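Written below as structure tokens is the structure these notes are about.
Nothing here was measured: the structure is a model prediction, and the numbers come from that model. Note that ligands are numbered from 1 as they come in the structure, with each ligand's atoms numbered from 1 the same way. Any value given below was found using the heavy atoms of this structure, including those in side chains, with hydrogens, waters and symmetry copies removed.
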Amino acid sequence: MKSKSTLESIIFLLLFSFSLYAEDGYKLWLDYKKAPEPVLTQYRQQIKNLMVIKGSSTLDIAENELFKGVTGILEGHISAVQNVEEGTVLAGKFTDLQNVIENDFSDKIKLAGEEGFVISSEQSDGKNITVISANSDVGILYGVFHFLQLLQTGKDISNLDIVSSPKVKIRVLNHWDNLDGSIERGYAGNSLWDWESLPGKTDPRYTDYARANASIGINGSVLNNVNANPAMLTPEYLEKVKVLADIFRPYGIKVFLSIKFSSPVNIGGLETADPLEPTVQEWWKNKVREVYSYIPDFGGFLVKANSEGQPGPQNYGRTHAEGANMLADALKPFGGIVMWRAFVYDNNVPEDRAKQALNEFKPLDGQFRDNVLIQVKNGPIDFQPREPFHPIFGNLPKTPVMMEFQITQEYLGQSTDLCYLAPMYKEVLDADTYAKGKGSTVAKVIDGTLEGHELTGMAGVANTGSDRNWTGHLFGQSNWFAFGRLAWNDQLSSEEIADEWIKMTFSSDPKVVTTIKKIMMDSRENSVNYMTPLGLHHIMGMSHHFGPGPWVSRGRADWTSLYYHRADSFGIGFDRTPTGSNATGQYFKPVADKFANLKTCTDEYLLWFHHLPWNYKMRSGKTLWDELCLHYYAGVEGVKKMQAEWNSLHGRIDPEEFEFVKNRIEAQVKLAEWWRNSCVLYFQQFSKMPIPEELEKPTESLQYYQKLNYRDFEAK
Ligand code: BDP
């Protein structure tokens, strides 16, 4: 009896630890699960064998992936063939396939461009085959991943005719990783890069990281924090960087580095970093040459200069253009680029922070070298739950402007909250700047079509770390995924991307897909509601940026909450109309008027642009105060709904993943309530109006909520 129960518990433990290992989130969206019926039977009829025309390490990777994927999805062994047969999936460069395929598809392959691919159902010698082709090796790798995605998401593959190419050229993750292994605004453990053990020792995760990125078309990694340590450019570190670059290369990923503008002084022994000083220019030229001696395909530099205390050209009375151009000149002979950030604002400048970046950069339009991109955060303040699009978009017609999205949820509940960010990314990409009349969307600014720029890019501040599941919250993976998918194709909808990710990550069970999609699609609006509804912004806790902090009043004015919400006995909100800071005036005409006019400014941006009385009558007919309360309460209710929806999936997805997310949402409910109670009670001090009767009142005092420690709200 006793021994039996021991045996049982051993078996249980074994099973449990197996499942622990199997479904701990490590595999991301690349866990090639068996396809459900009826598609499984169809796929088995259509895919009989595989053939990859090789010739490079990238193509070896493509072949391995194709085998691994198809074997998993079809749950069976698939053989390699040397000649095409009926049902072959054939992958290879266009030049190698031309003669095998009956139809001429040279036009399609032209459209695919340098990195894109073609996937089509073709005939070869009367046999039906599926072709994955491209002009480059990495294009084939992307094509293979896309083909596998079609299978993972149950798509019909009988009549394929796909041509796909990326909308932007530079699709890059920005890692805010420090050399000591910590990550600024990282919520998934430590840095993936183990600088200590590099270059001697590598980690299989470096390869898995590269593979995951390649699977969604990401082609660059900025390895270190924008608040850069100058040591990054020393030979000691360049040797380590080289090892990572060598691992990433066959996956089509280029390495970039953040640099500290004062490096010539910090590590070069010079007395100045003045960009117009010949010795400084020489120093950078030599340094860049040295970098390329380690990494021949090095991507270039990312620069945070004259921003939040970082040194820059202005320390020497020079402009951002002069600083950027000096670096651009050094990189140009090697094909490198500069991504120069526009995240600049200064407490000592007596101007609305939201206006400062455009004021700074507008006069410089046309002065940058052709290998410089200006990297702009999606909104004019700082990765808030909701911001109007940054007025720089459309306003620097002569300069390539790239997007900087934040994937790590610094202001969106970090790794405690489930918040799917694609709707936020899309909101900005789809916004119309009217720079050249109707239809001048931010997406068109970014992908270069509005002004005819060749150099284009999109950056995402990464949420990856050393946690087994990569991103802390399992749903953080969906944001990494969504960023890559949108950088490839900004026309995809949030729903489509969610649909793909759910099927690839969890299951194709319709109940699972519908339920999770609903949760994801509602999640961001819920966050906005319990954090910063109606256009409020920057009212989070000081420094850690996690919980509520509408009361934050100490320190630099533009880092306080009071600066942004401006609540007083009259009302609340930041007047950015012509009677206030006139930030609305930075937008093109119809947009400027839309934001400035109360009749046309939508509720989402109301308090971003207007300071309004507490009893202001909203579109709903309710007072501003009542609406504000209702939004805060709706946010919490929304999370509770997500909780019930998630819990309804019990038994339908992997138990470990189920429990993990369940726990996180429990923590999120508490966090949302903390935000709601704090903000409502805090603002009530000014409005002096009652919380609408139908809403359940906070049980404690404002002082109580104010004293709570944010760490107690982090999901464990
Ligand atoms: C802010 C972050 C800070 C970053 C800064 C930036 O709080 O850690 O250094 O952005 O983007 O949101 O430079």
Side-chain angles (χ1 to χ4, degrees), residues 172-180 182-188 191 222-230 232 256-262 301-312 314 320 323-324 338-347 353-354 356-357 360-361 373-387 390 392 401-415 419 421 424 428 457-465 479 483 527 531-532 537-549 552 555-561 563-564 710:
V172 63
L173 288 184
N174 287 185
H175 292 274
W176 287 358
D177 294 20
N178 298 314
L179 300 188
D180 66 0
S182 63
I183 305 180
E184 180 153 342
R185 313 303 176 186
Y187 314 105
S191 174
V222 184
L223 298 181
N224 59 323
N225 193 352
V226 286
N227 298 315
N229 187 329
M232 195 78 240
F256 295 77
L257 293 175
S258 295
I259 57 117
K260 197 174 185 82
F261 197 78
S262 56
F301 294 143
L302 171 62
V303 194
K304 173 175 179 176
N306 294 119
S307 161
E308 299 187 331
Q310 291 297 332
Q314 292 179 333
H320 283 282
V338 175
M339 294 173 286
W340 190 272
R341 297 177 88 220
F343 182 60
V344 298
Y345 62 100
D346 184 348
N347 198 28
R353 172 172 164 186
Q356 292 186 28
E360 194 76 61
F361 280 85
L373 281 149
I374 302 302
Q375 181 168 313
V376 184
K377 291 189 183 185
N378 56 270
I381 298 292
D382 194 354
F383 295 142
Q384 292 301 296
R386 169 167 282 133
E387 300 195 26
H390 202 302
I392 282 188
V401 170
M402 70 184 281
M403 177 66 79
E404 178 177 315
F405 282 131
Q406 197 178 41
I407 310 173
T408 190
Q409 293 165 231
E410 174 180 358
Y411 300 95
L412 280 156
Q414 301 172 7
S415 60
C419 185
L421 298 176
M424 184 174 85
V428 179
M458 202 188 278
V461 179
N463 61 350
T464 47
N479 294 328
F483 168 77
S527 297
M531 291 176 176
T532 54
H537 50 288
H538 208 295
I539 56 169
M540 66 288 160
M542 202 158 61
S543 311
H544 56 77
H545 299 167
F546 181 66
V552 171
R556 228 180 112 153
D558 56 359
W559 286 352
T560 67
S561 301
Y563 177 97
Y564 298 96
Y710 78 97

For ligand 1, which atoms, with element, lie under 4.0 Å from some heavy atom of [X]?
| X | answer |
| --- | --- |
| Asp382 | 1 (C), 10 (O), 12 (O) |
| His545 | 7 (O) |
| Arg185 | 2 (C), 3 (C), 7 (O), 8 (O) |
| Tyr411 | 1 (C), 7 (O), 12 (O) |
| Trp176 | 4 (C), 6 (C), 10 (O), 11 (O) |

Write out the residue and atom name of the closest protein heavy atom to atom 10 (O) of ligand 1, then the distance separating them to 0.1 Å.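 Nearest neighbour among protein heavy atoms for atom 10 (O) of ligand 1, to 0.1 Å: Lys377 NZ, 3.0 Å.
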Check: Ser307 N/O within less than 3.5 Å of ligand 1 N/O: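 No: no nitrogen or oxygen of Ser307 is under 3.5 Å from one in ligand 1.
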Say whether Glu404, considering both its backbone and side-chain N or O atoms, lies within less than 3.5 Å of an N or O atom on ligand 1.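 No: no nitrogen or oxygen of Glu404 is under 3.5 Å from one in ligand 1.
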State, with a plain yes or no, whether a side-chain heavy atom of His545 is found less than 4.5 Å away from one of Tyr710.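 No - every pair of side-chain heavy atoms lies 4.5 Å or more apart.
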Can you tell if the side chain of Val401 reaches within under 4.5 Å of the side chain of His390, non-hydrogen atoms only?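 Sidechains of His390 and Val401: no contact.
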May I ask you to check whether [X] and [Y] show a side-chain donor-acceptor distance below 3.5 Å?
| X | Y | result |
| --- | --- | --- |
| Asn227 | Gln310 | yes |
| Arg556 | Tyr563 | no |
| Tyr187 | Glu410 | no |
| Glu360 | Asn306 | no |

Arg341 near ligand 1 by a heavy-atom separation under 4.0 Å: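 Contact present.
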Hey, is the main chain of Ser191 close enough, under 3.5 Å, to the side chain of Asn178 for a donor-acceptor pair?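 Side chain of Asn178 to backbone of Ser191: no pair is present.
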